[in-house]
Amino acid sequence: MQPSTEAGAAGLAAILAEPQRAVVALDFDGTLSPIVADPSEAYVHPDAVPTLARLAPHLAGVAVITGRPVESALELAGFAGVTGLERLTILGHYGAERWDAATGELRTPPPHPGVLALREELPAIVAGAPDGVRIEDKGAALAVHTRRTANPDAVLHALEPELLSAAERLGLAVEPGRFVLELRPPGTDKGDALRAYLAERDAASVLYAGDDLGDIAAFDAVAQWRKDGNPGLLVCAAPTTGEAPVTALASRADLIVQGPEGVVALLGSLAERF
Ligand SMILES: O=P(O)(O)OC[C@H]1O[C@H](O[C@H]2O[C@H](CO)[C@@H](O)[C@H](O)[C@H]2O)[C@H](O)[C@@H](O)[C@@H]1O
């Protein structure tokens, strides 16, 4: 798998030349985990964990940067206690939460009062919505999903004004995604999470792979990292559901792969080079 851009080729070359200074950072849903109708029924690609376990020991670190709570990613993927993943970090809730395999320590933010209030209000907001609308209670955030409705785009669009107004009133950030609108505490995004992780690992190169709107901030962080003279590789995991890829990712990616299958194949091809 060859990057289609010079910058991407330089990023890949740097990762291969000095893997012990490279960070691989990955989104979860749509990137390691195939998109399914019900978030609670998500699963990781069957080869994802073994492939990461082969790759990670050669690297400065591997981070899963996700909108999910850490515990959800841990439970769905079974990352804990896997030999080879001792240097894995999960940055959940867009970086507000953190778990390190090395210590098993989970750091969670205090509850945001806006989320506590929204939890009470949200059932009334979605009460008149068509069948198939689901509230996902993520603990530190709440998301409204429309994938299971007859017209997911239109239903999300119709719910948007009331959700945006609740977010503004309660001091929450709005995080759009694939047939989902999430209301969450402000203050961090995947770009902030990635920048901090790269600095902490003293990384000299980075590969970031993502598929959804929440990953744009991480793409921005890698773009800035490259402007600062550091090599990086941007990978877009194109949806395998028939949905269009996120333009802001696909148009800037050095490499476009097909969903988690393609991401895992890429990671496997890297592992084989070390
Ligand atoms: O940052 P991510 O790891 O990509 O998480 C973003 C959101 O992903 C999940 O929703 C998405 O995946 C679901 C399961 O495949 C799918 O049903 C839904 O339509 C997608 O939007 C998750 O449920 C959210 O909490 C995450 O914020």
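Note that these values count all heavy atoms, side chains included, but never hydrogens, waters or copies made by symmetry. In listed order, ligands and their atoms are each counted from 1.
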Could you go through the side chain to side chain contact (heavy atoms under 4.5 Å, CB included) check for Arg178 and Val246 one step at a time? CA-CA 9 Å; Arg178 295 190 178 284; Val246 170; 3.9 Å; yes
Candidates Leu12, Asp254, Ile15, Leu234 - the one meeting side-chain contact (heavy atoms from CB on, under 4.5 Å) with Leu207: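 Exactly one pass, corresponding to Ile15.
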Taking non-hydrogen atoms within less than 4.0 Å of ligand 1, which protein residues qualify?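 Under the 4.0 Å cut-off, ligand 1 touches Asp27, Phe28, Asp29, Pro34, Ile35, Val36, Ala37, Pro39, Thr66, Gly67, Tyr94, Glu136, Lys138, His145, Arg147, Arg178, Val180, Glu182, Lys190.
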Would one find more than 12 heavy atoms of other residues, nucleotides or ligands at under 6.0 Å from atom CG of Asp131?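 Open.
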Who pairs with Arg54 by side-chain hydrogen bond (donor to acceptor under 3.5 Å, both in side chains), at least two apart in sequence or on another chain?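 Partners of Arg54 by the side-chain hydrogen bond (donor to acceptor under 3.5 Å, both in side chains) criterion come out as none, since no residue qualifies.
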Could you tell me which residues satisfy ring pair (Phe, Tyr, Trp, His ring centres under 6.0 Å) with Phe274, sequence neighbours excluded, listed by chain and number?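 Counting only residues at least two positions away or on another chain, Phe274 forms a ring pair (Phe, Tyr, Trp, His ring centres under 6.0 Å) with His58.
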Under 3.5 Å, side-chain donor or acceptor atoms of residues 137-147 against the rest of the protein: list the pairs with distances, not counting sequence neighbours.
unit_1	atom_1	unit_2	atom_2	d
Asp137	OD1	Arg119	NH2	3.0
Asp137	OD1	Gly139	N	3.0
Asp137	OD2	Arg119	NE	2.7
Lys138	NZ	Gly67	O	2.9
Lys138	NZ	Glu182	OE1	2.6
Lys138	NZ	Glu182	OE2	3.3
His145	NE2	Glu136	OE1	2.7
Thr146	OG1	Pro152	O	2.9
Arg147	NH1	Glu243	OE2	2.8
Arg147	NH2	Glu243	OE2	3.2

